[in-house]
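As structure tokens, the structure follows; a few thoughts come after it.
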Amino acid sequence: QVQLVESGGGLVQAGGSLRLSCAASGRTFSSYAMGWFRQAPGKEREFVAAISWSVGNPYYADSVKGRFTISRDNAKNTMYLQMNSLKPEDTAVYYCAAGTLYNGILVNARTWGQGTQVTVSS
């Protein structure tokens, strides 16, 4: 099955930027959608962004629209989340996932990365 490995999290000040990476191995996934979720302590997991793997059409939650950019590199089997203008509210563990797209949201996610911590100080 597909395995996902995340990297790129860290500590930044408000207004700063980070780029998260999610590398996939174990399967080809041209027919899959990929995306990002985040979860803060005590909060439910929240959809952030998704992308159709073959075409690259992006979808975003309203909370990150205009600040985050999702992309993928098919040759490297890697997905990215470029996060700009970060806010303290963006602080969370970010997870990449593989699933399907439904109304612009990643659903039926069967495979998850281990998560990477993003902390934004004010």
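Computation of the quantities below employed the complete heavy-atom set of this structure, encompassing side-chain atoms and omitting hydrogens, waters and symmetry-equivalent molecules. Just so you know, these numbers come straight off a predicted model, no measurement behind them.
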Which distance, rounded to the nearest 0.5 Å, do you find between the [atom1] of [X] and the [atom2] of [Y]?
| X | Y | atom1 | atom2 | answer |
| --- | --- | --- | --- | --- |
| Q3 | S25 | CD | OG | 5.0 Å |
| M79 | N74 | CE | CG | 12.0 Å |
| T119 | Q13 | OG1 | CD | 13.0 Å |
| K43 | T91 | NZ | OG1 | 12.5 Å |

Is there a side-chain contact between R38 and S63 (heavy atoms, below 4.5 Å)?
->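 Yes; the side chains approach each other to less than 4.5 Å.
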
Hphob cluster co-occupancy, [X] + [Y], side-chain heavy atoms under 4.5 angstrom:
| X | Y | answer |
| --- | --- | --- |
| Y60 | Y95 | no |
| V64 | V120 | yes |
| I70 | W112 | no |
| F47 | V118 | no |

May I ask you to decide if N57's main-chain N or O and S52's side chain share a donor-acceptor pair within less than 3.5 Å?
-> yes

Look only at the side chain of R72 and the backbone of W53, and say whether a donor-acceptor pair between them is shorter than 3.5 Å.
->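 At least one qualifying donor-acceptor pair exists.
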
Do you know the tightest heavy-atom contact between [X] and [Y]?
| X | Y | answer |
| --- | --- | --- |
| T78 | S21 | CG2-CB, 4.3 Å |
| Y59 | L101 | CE1-CD1, 3.6 Å |
| I51 | S71 | CD1-CA, 3.7 Å |
| A92 | Q117 | O-NE2, 3.4 Å |
| T116 | S7 | OG1-C, 4.4 Å |

May I have the list of side-chain donor-acceptor pairs in residues 80-89 shorter than 3.5 Å, sequence neighbours left out?
residue: Q82; atom: NE2; partner: N84; partner atom: OD1; Å: 3.0
residue: N84; atom: OD1; partner: S17; partner atom: OG; Å: 2.9

Could you list who else is in V5's hydrophobic cluster, with ILVMFWY side chains joined at under 4.5 Å, directly or through other members?
-> none

Given L20 and W36, is the side chain to side chain contact (heavy atoms under 4.5 Å, CB included) satisfied, shown in steps?
-> CA-CA 10 Å; L20 306 183; W36 296 90; 3.6 Å; yes

Applying side chain to side chain contact (heavy atoms under 4.5 Å, CB included) between M34 and each of L4, N77, T111, report the one that passes.
-> L4

On the 0 to 90° scale, with breaks at 30° and 60°, tag the Y94-F68 ring pair as parallel, tilted or perpendicular.
->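 Y94 vs F68 ring planes: tilted.
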
Within a radius of less than 6.0 Å around NZ of K76, do more than 12 heavy atoms belonging to other residues, nucleotides or ligands occur?
->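 No, because the 6.0 Å sphere around NZ of K76 holds 12 heavy atoms or fewer from other groups.
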
